[in-house]
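This report concerns only the one structure given below.
Not measured: the values here are computed from a predicted model. Counting convention: from 1, in listed order, for ligands and their atoms alike.
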Amino acid sequence: MKICTSIPETRKELEKLRSDGSRIALVPTMGALHDGHLELIREAYSHADKVVVSIFVNPVQFGPNEDYETYPRETDRDSGKCRSEGVSLIFSPDASEMYSDKKLSIEIDELNRHMCGASRPGFFEGVLLVVNKLFNIVRPDVALFGQKDIQQFQLIRKMAEEFNHDIELVMVPVVRANDGLALSSRNAYLSEEERLAAPLLYRSLLYIEKQISGGVNSPKMLLSHQRSELEAKGFKIDYLNLFDLQTLQPVERLSSRQKAVIAGAAWMGKTRLIDNILIEF
Ligand code: AMP
C-alpha cells in the first residue's frame with residue numbers, strides 16, 4: 001500500500017494502478033476511520049478492482065467556530081486499517097497541497113437551503129470543492145459515500161451531473177453501533193452518559209418511520225412531538241423533519257410513491273449528531 005501526500009506522486013501511482021486495466025474506486029474520508037468507513041471500502045470491491053482512500057481533514061468545510069483544530073487525527077491507525085482492507089493507495093495531502101492558491105468556490109442553490117446546509121453556512125460549498133478536486137486528482141471510475149450524510153450525497157450527485165464527472169456514484173447504507181447509533185468519528189467527543197442517550201435520535205427516526213408507514217401522511221404534529229421528546233432527553237435539536245429526497249425541501253404532506261428522507265441533526269452536549277432513514281410513501 002502506497003501513502004502519497006503530493007498530487008503529482010498520487011497521479012504517478014494511479015497510472016501504475018491503472019496500467020493493467022483495473023477499475024479504480026475512491027473512498028473520500030476525513031480519517032479517524034471506523035466501521036462505517038471500512039464498509040465503504042469493502043463495498044468498493046464490488047464495483048472496482050483497486051481502492052484508493054483519501055484522508056484529508058478539509059479546512060474549507062469547517063466554520064470559524066467548528067472543530068477543525070480538534071477533529072480526531074489518527075494517521076497510523078488509519079493506515080493500518082486501510083492496509084488490512086487491501087487498499088492500494090492512501091492519498092493524504094496537507095492543506096497547502098490542496099489549497100495553494102484558492103480563489104474560486106462552488107455556489108449551491110436551494111439544495112443547500114435546509115438540513116445541514118441551513119445550519120452550517122459554507123459547509124457544502126467546502127465539501128463540493130474538495131470532492132471536485134479529489135475527483136480530478138484521482139479520476140476514479142467509481143466513488144463511494146455514506147447515506148449518513150444524505151444531503152452531501154445528493155449534492156455530490158448533482159455536482160457530478162452538472163460538471164460532467166464521468167464517475168459512478170454509490171451510496172452505502174448507514175453503519176450503526178449495536179444500540180443503533182450511527183457510527184461517526186465525532187462520537188469520540190461523547191461522554192459516557194451522552195453516549196448512552198445518543199441512540200435516542202435514531203429511535204425517534206424509527207418511531208416517525210413507523211407512524212408514516214402506518215398511514216400518517218401529514219406528519220407535522222408527529223415531528224413536533226418527537227422534537228420535544230428529544231429536547232426533554234437532553235438533545236438540542238438543529239432539525240428533525242421530513243424532506244423530499246430529490247429536492248431536499250421539507251414535505252408537509254406525502255404523496256403516494258414519493259421518496260423522502262426522515263432526517264435529524266441534534267446536539268448532545270458539544271457533539272453534533274446526524275442521522276436519517278429513507279422512506280417511500
Ligand atoms: P467522514 O470521514 O466523516 O467525512 O466520512 C467519510 C465518508 O464515510 C462519507 O461518505 C460518510 O458519509 C461515510 N460515513 C461516515 N459515517 C458512516 C456510517 N456510519 N455509515 C456509512 N457511511 C458513513
Sub-4.0 Å atoms of ligand 1 with respect to non-hydrogen atoms of [X]:
{"X": "Leu40", "result": "7 (C), 8 (O), 10 (O), 13 (C), 22 (N)"}
{"X": "His34", "result": "15 (C), 16 (N), 17 (C)"}
{"X": "Thr29", "result": "2 (O), 6 (C)"}
{"X": "Leu183", "result": "16 (N), 17 (C), 18 (C), 19 (N)"}
{"X": "Pro28", "result": "6 (C), 7 (C)"}

> Without hydrogens or angle criteria, can the side chains of His165 and Asn132 be said to hold a donor-acceptor pair below 3.5 Å?
Replying inline: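 Judged by distance alone, the side chains do pair up.
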>> Under a 3.5 Å threshold, yes or no: a donor from one side chain and an acceptor from the other, between Tyr71 and Asn58?
In response: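 Result is no, nothing qualifies.
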Test item: [X] side-chain N/O and [Y] main-chain N/O as donor-acceptor pair under 3.5 Å:
{"X": "Gln249", "Y": "Glu110", "answer": "yes"}
{"X": "Ser22", "Y": "Arg18", "answer": "no"}
{"X": "Tyr45", "Y": "Glu85", "answer": "yes"}
{"X": "Ser255", "Y": "Gln258", "answer": "no"}
{"X": "Ser224", "Y": "Lys220", "answer": "no"}

To the nearest 0.1 Å, how far is [atom] from its closest protein heavy atom, and which atom is that?
{"atom": "atom 5 (O) of ligand 1", "result": "His37 NE2, 3.4 Å"}
{"atom": "atom 4 (O) of ligand 1", "result": "Met30 CG, 3.6 Å"}
{"atom": "atom 20 (N) of ligand 1", "result": "Val175 N, 2.8 Å"}
{"atom": "atom 11 (C) of ligand 1", "result": "Asp149 OD2, 3.1 Å"}

> What do the steps show when you test Glu168 against Arg23 for side-chain contact (heavy atoms from CB on, under 4.5 Å), and what is the final call?
Replying inline: CA-CA 11 Å; Glu168 179 192 346; Arg23 259 173 80 79; 2.9 Å; yes
Heavy-atom distances under 4.0 Å are what count here, so tell me which part of [X] touches ligand 1: side chain, backbone, both or neither.
{"X": "Pro173", "result": "backbone"}
{"X": "Lys148", "result": "side chain"}
{"X": "Gln152", "result": "side chain"}
{"X": "Asp35", "result": "neither"}

>> Ignoring hydrogens, what is the shortest heavy-atom contact between Tyr68 and Ala95? Give both atom names and the distance.
In response: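 Reported closest heavy-atom pair: OH-CB, 4.5 Å.
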> How far apart are the closest heavy atoms of Gln151 and Leu111, and which atoms are they?
Replying inline: NE2-O, 2.9 Å
> Excluding sequence neighbours, so at least two apart, what forms ring pair (Phe, Tyr, Trp, His ring centres under 6.0 Å) with His225?
Replying inline: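 Partners of His225 under the ring pair (Phe, Tyr, Trp, His ring centres under 6.0 Å) test: none.
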Indicate yes or no: does an N/O atom of [X] lie under 3.5 Å from an N/O atom of ligand 1?
{"X": "Gln147", "value": "no"}
{"X": "Phe145", "value": "no"}
{"X": "Val174", "value": "no"}

> Does ligand 1 have an atom that lies less than 4.0 angstrom from a heavy atom of Glu39?
Replying inline: no
> So which of Ser185, Ala182, Gly146 gets nearest to atom 10 (O) of ligand 1, if we judge by its closest heavy atom?
Replying inline: Gly146
